[in-house]
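This report refers to the structure that appears directly beneath it.
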Amino acid sequence: QVQLVESGGGLVEVGDSLRLSCAASGLTFSSYGMGWFRQAPGKEREFVAAINYNGGSTKYGDSVKGRFTISRDNAKNTVYLQMNSLRPEDTAVYSCAADANWSPISESRAYQYDYWGQGTQVTVSS
């Protein structure tokens, strides 16, 4: 069974940094593009970042460009999200997702992804 398990969330203060991890199993990780999405109460799910199968191409949502970095380690079947200069508006549940047919055109569309993790809470105090 395919599983994506996020970790690394928590409570931090404005300006702090945090690194999220997503460990994948049950799939050929190196064949999947990976994405991070977030959702805050009362808001729609928002695209955060995406990375192609070998890490050679990345995309970011406008609200996190210059602050967040997505990366992957295919030897560890893990994708990461490094979050710097955190703001209160970054508070959300962050989920990772896997897409067997990743493309730079559709990577920001949540419905394009095949598998999802359970999410990890990130709270930035104001």
Side-chain angles (χ1 to χ4, degrees):
Q1 184 178 16
V2 173
Q3 290 191 62
L4 304 176
V5 181
E6 301 95 335
S7 61
L11 174 63
V12 297
E13 297 182 355
V14 171
D16 281 354
S17 296
L18 204 59
R19 189 176 80 157
L20 306 183
S21 299
C22 174
S25 61
L27 77 170
T28 304
F29 184 73
S30 61
S31 296
Y32 282 77
M34 300 295 296
W36 286 97
F37 293 79
R38 67 187 184 186
Q39 188 167 27
K43 296 184 178 180
E44 295 294 315
R45 181 160 45 190
E46 179 186 20
F47 170 72
V48 176
I51 189 166
N52 77 333
Y53 71 101
N54 66 359
S57 181
T58 58
K59 298 289 184 181
Y60 296 93
D62 289 341
S63 64
V64 306
K65 287 180 180 177
R67 299 189 298 121
F68 291 9
T69 303
I70 189 171
S71 61
R72 67 190 296 159
D73 186 341
N74 285 352
K76 296 182 178 180
N77 289 352
T78 301
V79 63
Y80 305 95
L81 184 69
Q82 177 66 45
M83 305 184 294
N84 298 327
S85 301
L86 284 163
R87 307 165 179 169
E89 52 264 42
D90 294 319
T91 295
V93 174
Y94 286 71
S95 299
C96 68
D99 180 8
N101 298 298
W102 192 95
S103 75
I105 297 174
S106 61
E107 82 290 336
S108 64
R109 307 289 188 175
Y111 56 78
Q112 296 286 350
Y113 287 81
D114 302 298
Y115 304 106
W116 291 82
Q118 80 289 345
T120 186
Q121 177 71 45
V122 173
T123 302
V124 185
S125 63
S126 60

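Throughout, residue positions are numbered sequentially from 1 according to the sequence presented.
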Do the non-hydrogen side-chain atoms of M83 and L20 ever get within less than 4.5 Å of each other?
-> yes
Side-chain (Y60) to main-chain (I70) donor-acceptor, under 3.5 angstrom | yes
Look at the side chain of T78 and the backbone N and O of A23, then say whether any donor-acceptor pair between them is shorter than 3.5 Å.
-> no
If Ile, Leu, Val, Met, Phe, Trp and Tyr residues are connected whenever their side-chain heavy atoms lie under 4.5 Å apart, and connections chain through other members, are L18 and W36 in the same group?
-> yes
Verify the cluster assignment for Y80 and Y94: are they in a single hydrophobic cluster under the rule of side-chain heavy atoms below 4.5 Å apart?
-> no
Looking at OH of Y115 and OH of Y32, how far apart are the two atoms once the value is rounded to the nearest 0.5 Å?
-> 4.5 Å
Give a yes or no on whether a salt bridge exists between D90 and R87, defined as a side-chain N under 4.0 angstrom from a carboxylate O.
-> no
Is it the case that one hydrophobic cluster holds both V5 and F29, taking links as side-chain heavy atoms less than 4.5 Å apart, direct or via other members?
-> no
D16 vs V124 side-chain heavy atoms within contact, under 4.5 Å = no
Straight-line distance of Y113 OH to M34 CE, nearest 0.5 Å | 8.5 Å
Heavy-atom distance under 4.5 Å between the side chains of E107 and F47, does that happen here?
-> yes
Distance, nearest 0.5 Å, that separates CG of N77 from SG of C22 | 10.5 Å
First locate atom CZ of R19, then atom OG of S71, and finally report the distance between them rounded to the nearest 0.5 Å.
-> 7.0 Å
Any donor-acceptor N/O pair, R67 side chain to S63 backbone, under 3.5 Å | yes
Interatomic spacing from CZ in F37 to OG in S108 - rounded to 0.5 Å | 7.0 Å
Greater than 12 external heavy atoms within 6.0 Å of E89's CD = yes
Close side-chain approach of T120 to S7, heavy-atom, < 4.5 Å | no
So which heavy atom on G119 is nearest to which on E6, and how close?
-> N-OE1, 2.9 Å
Do you know which two heavy atoms are closest between Q118 and L4, and how far apart they sit?
-> OE1-O, 3.3 Å
Looking only at heavy atoms, which two atoms of S30 and N74 are closest? And how far apart?
-> CB-ND2, 3.6 Å
Measure across R45 and A110 and return the closest heavy-atom pair with its distance rounded to 0.1 Å.
-> NE-CB, 3.8 Å
Hydrophobic cluster identity match, F68 and V12, side-chain contacts under 4.5 Å = yes
Verify side chain to side chain contact (heavy atoms under 4.5 Å, CB included) between L86 and E13, making sure each step is shown before the conclusion.
-> CA-CA 8 Å; L86 284 163; E13 297 182 355; over 6 Å; no
Least distance between heavy atoms, R38 atom then A92 atom = CB-CB, 3.8 Å
At what distance, to the nearest 0.5 angstrom, does OG of S31 lie from CG of D99?
-> 12.0 Å
What are the two closest heavy atoms between L81 and A49, and how far apart are they?
-> CD1-CB, 4.1 Å
